[in-house]
Chemist: 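Shown below is the structure under consideration.
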Amino acid sequence: MKLNNLKKTLVGLASAAMLVLGGSGSVAAQDDWKPSGAVNFVLHTKPGGGVDVFTRTLAKSLEPLIGQSIVVVNAPGGGGATQMAKVRAAAPDGLTLGVNTVTHFTGMLTNLRGTFSPDDFEWIALAQEDPILFFVAKNSELDSITDLVELARANGGEVNIGGFGPVGSMQNIGMTMLEQQAGVKFNWVAFESTPDIIAAVLGGHVDVGVSNLGPALSFFEADRLKGLGVLGEKRLSTLPDMQTFGEQGYDVDTSWIQVRGVFGPKGMPLDLQKQIAHAIHTAMQADGYQKYARSAGVEDSDYGPVEYADFVQRLTRLAEEQLVAAGLVNN
């Protein structure tokens with residue numbers, strides 16, 4: 001599932017060159033995206049989480065490129081159902097877009113099955129890959145994934161792990177994959193935002209939290225949280241002392257990684273989708289966005305609508321495999 005590094009480098013250089021040629025940030029290319037009014041980015045999370053931080057950071061560099069304001073609409077609820085309903089019902093004119101994560105695909109295979117499917121939308125651009133990490137309060141006696149596994153064995157599984165979404169969500173599947181590798185069970189506690197997860201960890205309401213780094217970074221920098229492990233191929237450059245699951249002896253599939261992409265209502269012309277994707281990937285080259293992305297430990301993607309639509313099909317198949325293996329859905 002890893003993206004082609006050479007392709008990303010070439011596209012990144014081309015985008016940067018276009019920004020330079022554009023002077024103030026307005027690219028004089030024929031395929032510029034010029035929306036007729038404000039653009040609504042509808043999110044499935046509350047303010048303050050990783051998706052919210054990503055969208056608001058992207059908006060700052062995207063607005064001058066398209067010459068319109070961007071309105072961030074937080075629409076949590078139903079594991080993404082509230083947001084997807086708004087996007088699906090919108091006109092296919094590019095003025096209403098959604099930001100998705102892996103939770104959308106797992107949701108459409110579980111609690112939202114029969115209500116939404118990938119075919120209900122246009123998958124416009126993939127922007128980020130973002131590994132999840134397990135963390136505890138700084139004063140916790142747990143220092144590693146092994147400590148967590150041993151606690152679960154000693155307590156008969158009575159260890160509460162808090163993360164975003166219901167059973168079957170992206171972060172929940174990351175937990176169940178660890179359960180399978182370690183031969184233990186945990187209790188899943190569902191939340192609708194990362195700030196709520198962090199508050200529950202700091203307040204002692206759950207033993208362990210699961211999230212992406214971005215919204216939790218300030219709490220690590222303030223020495224209030226401690227990392228147990230990251231589900232990725234390599235350590236996070238921002239938290240280099242935190243080992244990966246693999247380094248600790250737990251061979252969990254590192255292709256199970258969070259993503260952030262942009263999607264829209266069905267029926268959007270392909271040319272319009274390409275214009276939007278081009279604008280998004282160009283905006284991602286801005287210094288402010290790059291500073292955020294590197295500090296958040298995320299990896300950029302350059303997938304446009306053709307590549308992203310194919311990626312969504314592959315990711316959905318992988319999600320279904322993981323859900324079946326976890327016993328959450330039937331073949």
Chemist: Is there a path from Ile280 to Leu270 through hydrophobic residues (I, L, V, M, F, W, Y) whose side chains come within less than 4.5 Å of each other?
Modeler: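 As far as the 4.5 Å side-chain criterion goes, Leu270 and Ile280 are not connected within one cluster.
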Chemist: Counting only heavy atoms from other residues, nucleotides and ligands, does the tally under 6.0 Å from CZ of Arg88 exceed 12?
Modeler: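 Check passes, neighbour count above 12.
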Chemist: How close do Pro215 and Asn212 get, counting heavy atoms only, and between which atoms?
Modeler: CD-O, 3.7 Å
Chemist: Closest approach of Ala75 and Val42, non-hydrogen atoms and distance?
Modeler: CB-CG1, 4.0 Å
Chemist: Are any of the side-chain heavy atoms of Ile124 and Met268 separated by less than 4.5 Å?
Modeler: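 Side-chain contact under 4.5 Å: yes.
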Chemist: Under a 3.5 Å distance rule, please check whether His44 uses its side chain to pair with a backbone N or O of Asn74 as donor and acceptor.
Modeler: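 No; zero donor-acceptor contacts below 3.5 Å.
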Chemist: Does the pair Arg314/Asp310 count as a salt bridge with the N-to-O cut at 4.0 Å?
Modeler: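 So Arg314 pairs with Asp310 through a salt bridge.
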Chemist: Any side-chain heavy-atom pair from Asp52 and Lys46 closer than 4.5 angstrom?
Modeler: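 Counting from C-beta outward, Asp52 and Lys46 never come under 4.5 Å.
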Chemist: Return the minimal non-hydrogen interatomic distance between Val99 and Gln83, and the atom names on each side.
Modeler: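 Smallest interatomic distance, heavy atoms only, reads O-NE2, 2.9 Å.
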Chemist: First locate atom CG of Leu231, then atom CG of Leu178, and finally report the distance between them rounded to the nearest 0.5 Å.
Modeler: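 Here the rounded value is 8.5 Å.
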Chemist: Mind listing the closest non-hydrogen atom pair of Glu158 and Asp207 along with its distance?
Modeler: O-OD2, 4.4 Å
Chemist: Enumerate the residue pairs fulfilling ring pair (Phe, Tyr, Trp, His ring centres under 6.0 Å) with a member in residues 48-83, sequence neighbours excluded, ordered by first and then second residue.
Modeler: none
Chemist: Can you tell me how far apart CE (Met175) and CD (Gln180) are? Round to the nearest 0.5 Å.
Modeler: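 Going from the CE atom of Met175 to the CD atom of Gln180 covers 10.0 Å.
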Chemist: Between Thr55 and Leu43, is there a side-chain heavy-atom distance shorter than 4.5 Å?
Modeler: yes
Chemist: Answer yes or no: is there a side-chain heavy-atom contact under 4.5 Å between Asn40 and Leu95?
Modeler: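 When only atoms from C-beta onward are counted, Leu95 and Asn40 do not touch, as no gap falls below 4.5 Å.
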Chemist: Is there a salt bridge (Lys or Arg N to Asp or Glu O under 4.0 Å) between Glu247 and Arg235? Walk through the geometry before answering.
Modeler: CA-CA 9 Å; Glu247 286 179 301; Arg235 299 188 188 189; 2.9 Å; yes
Chemist: Going by ring pair (Phe, Tyr, Trp, His ring centres under 6.0 Å), name the pairs with one or both residues in residues 200-243, residues two or more places apart or in two chains.
Modeler: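 Those involving residues 200-243 do not exist here.
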Chemist: Pick out which of Trp123, Phe311, Phe41 makes a ring pair (Phe, Tyr, Trp, His ring centres under 6.0 Å) with Phe263.
Modeler: Trp123
Chemist: Answer whether the closest heavy-atom distance between the side chains of Met284 and Asp300 falls below 4.5 Å.
Modeler: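 Of all side-chain heavy-atom pairs linking Asp300 with Met284, at least one is under 4.5 Å.
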Chemist: Which one of Thr103, Asn172, Val210, Ile132 satisfies the side chain to side chain contact (heavy atoms under 4.5 Å, CB included) criterion with Phe164?
Modeler: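 Among the candidates, only Thr103 passes.
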Chemist: How close do Lys34 and Leu65 get, heavy atom to heavy atom, and via which atoms?
Modeler: NZ-O, 3.5 Å
Chemist: When you compare the side chain of Phe135 with that of Ile197, does any pair of heavy atoms fall below 4.5 Å?
Modeler: yes
Chemist: For Lys266, does the NZ atom have more than 12 heavy-atom neighbours from other residues, nucleotides or ligands under 6.0 Å away?
Modeler: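 Enclosed.
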Chemist: Could you tell me whether the side chain of Glu122 and the main chain of Gly264 form a donor-acceptor pair under 3.5 Å?
Modeler: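 Not at all, since once roles are kept as given, no pair shorter than 3.5 Å links the two residues.
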Chemist: So, Tyr308 versus Asn100: side-chain donor-acceptor pair below 3.5 Å or not?
Modeler: yes
Chemist: Are Leu202 and Ile198 packed together at the side-chain level, in the sense that at least one heavy-atom pair is separated by less than 4.5 angstrom?
Modeler: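 They are in side-chain contact.
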Chemist: Checking side chain to side chain contact (heavy atoms under 4.5 Å, CB included) between Val208 and each of Leu142, Val189, Asn160, which is the one that passes?
Modeler: Leu142
Chemist: Determine, for Lys226 against Asp241, whether the closest basic-nitrogen to carboxylate-oxygen distance falls under 4.0 angstrom.
Modeler: no
Chemist: Is a side-chain donor-acceptor pair under 3.5 Å present for Thr146 with Tyr250?
Modeler: yes
Chemist: Tell me the closest heavy-atom pair linking Trp188 and Ser169, and the distance in Å.
Modeler: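 So the minimum-distance heavy-atom pair works out to CZ2-OG, 3.9 Å.
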Chemist: In the structure I gave you, are the side-chain heavy atoms of Ile257 and Asp130 within less than 4.5 Å of one another anywhere?
Modeler: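 Not touching, per the 4.5 Å side-chain cut-off.
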